[in-house]
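Numbers restart at 1 for each chain; the letters A, B, ... are given by sequence-line order, proteins then strands.
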Amino acid sequence: MDSLKAILSQSPEGQTVTACGWVRTKRDGKNISFIALNDGSCLSNLQVVVDKENDSVSNETLARCGTGASLQVTGKLVASEGGGQNAEIHADTITVLGDTSETFPLQKKHHSVEFLREIAHLRARTNTFAAVARIRSAMSYAVHTFFQQNGFFYVHTPIITANDCEGAGQMFQVTTLDLDTIARKELKDGIDYTQDFFGKKASLTVSGQLSAETYACALSRVYTFGPTFRAENSNTTRHLAEFWMIEPEIAFCTLEGNMEIAEAFIKFILKYVLENCKEDMEFFDTRIQKGVIETLRQVVEKPFVRITYTEAIEHLAKAADSFEFKPVWGCDLQTEHEKYLTETVFNGPVIVTDYPKEIKAFYMKQNDDGKTVRAMDILVPRLGEIIGGSEREADYGKLVARMKELGLKEEDYSWYLDLRRFGTVPHSGFGLGFERLILYITGMANIRDVIPYPRTVKNAEF
RNA sequence: UCCCUUGUAGCUCAGUCGGUAGAGCAAAUGGCUGUUAACCAUUGGGUCGGCGGUUCAAGUCCGUCCGGGGGAGCCA
């Protein structure tokens with residue numbers, strides 16, 4: 001059975017084909033009916049033409065071909081007399097594989113994304129969500145292609161972790177203890193985790209970075225690409241409790257090399273999608289965000305702007321009056337600051353490096369100035385931070401000293417510190433939120449609409 | 001977690017100064033000689049998010065809870 005994509009790519013010469021799909025719309029005339037059929041293999045529908053004067057398809061069958069029904073159609077593929085499509089199928093037989101009903105919630109009209117979120121199990125049957133799904137798949141393939149072509153090994157870091165030290169956010173606890181029983185007891189001494197499945201407190205991972213570092217310090221170039229979980233109570237269009245993160249980690253690599261790889265990576269994915277998902281991208285360009293294709297093309301062409309945090313603050317200081325939060329050295333960049341830099345000053349992606357150590361994680365390499373670390377964030381218009389990365393502190397003494405300043409216990413990180421005890425090397429890496437990259441590429445507005453079943457605060461439906 | 005906003009037909013919304021509900025689309029039915037979210041006509045469709053209060057009278061005013069959306073913080 002050929003997909004509609006395969007059928008529509010054929011030259012229509014009257015050959016007999018069999019097509020399967022779901023009815024999008026049906027338009028009835030006295031002697032003729034048109035059915036728009038879609039199987040999700042591509043954005044385009046196949047127009048099915050039913051000649052009512054010819055008895056091949058009964059009126060009873062035709063009546064069952066309402067929006068949402070699934071059909072198998074056999075007929076001749078011919079050039080279309082109408083203007084909306086090149087080819088169409090003149091049906092000889094139609095088999096209704098599955099009936100629909102008047103309660104089918106998807107109508108042949110526009111629906112809001114908010115409404116479609118409530119029927120997430122059916123929304124993939126709309127143009128927008130099917131296009132997002134196809135692009136997401138193509139991007140996943142491109143992620144692996146980029147790294148595999150550049151000598152990276154794909155490492156599967158654990159989903160469940162008993163490290164209490166990943167430090168990137170609030171964690172979801174994993175337990176087999178009976179919480180109902182625990183909740184009823186007065187627990188003066190706390191919970192006895194030695195009785196739990198893993199014998200200690202365990203959680204879902206918030207980052208594969210620390211594990212990836214251990215493999216980078218063995219295989220040199222590795223990456224992870226998997227689900228990540230954050231139990232933050234954040235309610236925005238850019239956050240999910242369950243999201244997919246891409247985290248490369250590279251040995252013998254300083255921050256400069258890290259930035260080069262990050263920039264090349266983003267450009268590779270954009271270029272791949274522009275070349276391989278043309279029909280879907282044109283849909284996003286006309287229906288979702290006007291001009292998104294041209295924006296992406298320019299991002300691929302131009303080198304990313306690179307500035308230090310200190311330079312960023314200087315830029316922001318010139319427009320200090322326009323901000324709610326005054327830009328002061330030492331403070332983290334606010335959303336309004338990121339927007340100003342990417343949208344007003346540079347009009348494109350900006351890599352900001354060398355942040356104050358106080359606002360960055362303990363494992364980042366300390367600069368000689370004693371104030372900043374070798375961190376880099378890539379900021380993009382509309383979304384803000386899309387990548388966060390750094391060169392890692394490779395010096396055992398400096399790393400331990402920084403941990404002490406922050407009150408972190410050495411024994412909790414002994415395996416991580418072993419990387420610095422035994423054959424330490426300069427190494428770097430970054431994390432990229434996959435869904436944010438999808439938002440950037442498609443122009444979609446809400447991160448909940450670029451993952452099939454979004455998990456957010458108070459929402460784990462489907 | 002904080003701020004703003006919103007909840008009325010299957011969907012998108014209107015509903016004025018408090019007086020018991022309206023449109024478009026969708027659906028169903030009929031019509032129509034090739035349509036492109038087809039078109040034309042007819043019909044059906046409502047616990048106005050829940051609970052409580054004020055009032056002769058509440059979709060409308062007040063309180064509270066729940067849901068949706070946007071922004072901020074946190075971050076990817």
Side-chain angles (χ1 to χ4, degrees), chain A residues 24-36 44-53 63 66-68 78-85 88 90 100-119 126-127 167-170 206-209 224-225 227-247 262 287 323-325 331-339 359-361 377-380 383-389 430-440 445-449 451 456-459 461:
Chain A
R24 284 292 176 79
T25 69
K26 182 177 64 164
R27 297 178 290 275
D28 283 315
K30 187 178 185 182
N31 298 316
I32 195 165
S33 282
F34 301 95
I35 296 168
S44 297
N45 299 323
L46 175 65
Q47 172 153 281
V48 178
V49 183
V50 180
D51 183 354
K52 292 186 183 175
E53 292 175 319
T67 302
V78 300
S80 180
E81 292 173 33
Q85 55 284 315
E88 63 191 19
H90 284 201
T100 184
S101 101
E102 64 201 65
T103 61
F104 182 62
L106 294 173
Q107 301 166 358
K108 44 185 184 181
K109 56 165 287 195
H110 173 80
H111 292 289
S112 67
V113 290
E114 291 81 13
F115 169 68
L116 293 172
R117 232 171 265 155
E118 294 171 10
I119 50 166
T126 65
N127 285 338
Q170 288 292 310
V206 293
S207 166
Q209 181 197 315
T224 72
F225 180 17
T228 309
F229 307 87
R230 305 252 171 113
E232 304 288 351
N233 186 8
S234 56
N235 233 305
T236 78
T237 55
R238 308 185 296 284
H239 290 85
L240 292 166
E242 176 183 287
F243 65 101
W244 285 64
M245 190 150 66
I246 296 152
E247 293 176 291
R287 297 295 190 91
F323 300 122
E324 189 185 339
F325 295 93
C331 295
D332 209 351
L333 297 180
Q334 304 290 316
T335 296
E336 58 179 344
H337 301 149
E338 295 178 350
K339 278 189 194 302
I359 59 174
K360 288 292 179 184
D377 285 357
I378 300 188
L379 314 177
V380 297
L383 297 177
E385 184 180 345
I386 197 166
I387 279 183
F430 62 86
L432 177 141
F434 189 50
E435 285 78 14
R436 287 192 181 171
L437 191 58
I438 304 175
L439 287 179
Y440 190 54
N446 194 315
I447 202 163
R448 292 162 201 193
D449 299 327
I451 188 167
T456 54
V457 183
K458 298 275 197 300
N459 182 15
E461 291 302 308

_A/Phe325 ring center within less than 6.0 Å of A/His337 ring center_ = no

*Using a cut-off of 4.0 Å on non-hydrogen atoms, how would the nucleic acid contact of A/Thr228 be classed: base, sugar-phosphate, or nothing?*
nothing

*Give A/Ser33 one of three labels, base, sugar-phosphate or nothing, depending on what nucleic acid heavy atoms sit under 4.0 Å from its own.*
nothing

*Assess whether one donor atom and one acceptor atom, taken from the side chain of A/His239 and the base of B/rC75, lie less than 3.5 Å apart.*
yes

*For A/Phe323 and B/rA72, give me the distance from atom CZ to atom C1', rounded to whole Å.*
16 Å

*Look through every strand shown and name the nucleotide pairing with B/rG67 as Watson-Crick or G-U wobble, where both distances are under 3.5 Å.*
B/rU6

*Identified pairing partner of B/rU1, criterion: Watson-Crick or G-U wobble below 3.5 Å*: B/rA72

*For the side chain of A/Glu114, starting at C-beta, report the closest nucleotide among B/rG34, B/rU12, B/rG69.*
B/rG69

*Just checking A/Arg238: base, sugar-phosphate only, or nothing, at a heavy-atom cut-off of under 4.0 Å?*
base

_Gap between atoms CD1 and C1', on A/Ile32 and B/rA38 respectively (whole Å)_ = 13 Å

*Starting from P on B/rG73, measure out to CD on A/Glu232 and report it in whole angstrom.*
14 Å

*asked:* Does A/Glu247 reach a base, just sugar-phosphate, or nothing at all? Heavy atoms under 4.0 Å.
replied: nothing

*Between P of B/rU35 and CZ of A/Arg27, the distance in whole Å*: 10 Å

*Which nucleotide in the list B/rU33, B/rA38, B/rC75 gets nearest to the side chain of A/Asn31?*
B/rU33

*May I ask you to say what A/Phe115 touches in the nucleic acid, namely base, sugar-phosphate or nothing, with a heavy-atom cut-off under 4.0 Å?*
sugar-phosphate

*Closer than 4.0 Å, any side-chain N/O of A/Asn235 to the OP1 or OP2 of B/rG70?*
no

*Across the strands shown, which category fits A/Thr335 at heavy-atom distances under 4.0 angstrom: base, sugar-phosphate, nothing?*
sugar-phosphate

*Please determine, for B/rG22, whether a Watson-Crick or G-U wobble partner exists with both distances under 3.5 Å, and give it or none.*
B/rC13

*asked:* Does A/Gln47 reach a base, just sugar-phosphate, or nothing at all? Heavy atoms under 4.0 Å.
replied: base

*Please state whether the phosphate of B/rA37, meaning OP1 or OP2, lies under 4.0 angstrom from any side-chain nitrogen or oxygen of A/Thr25.*
no

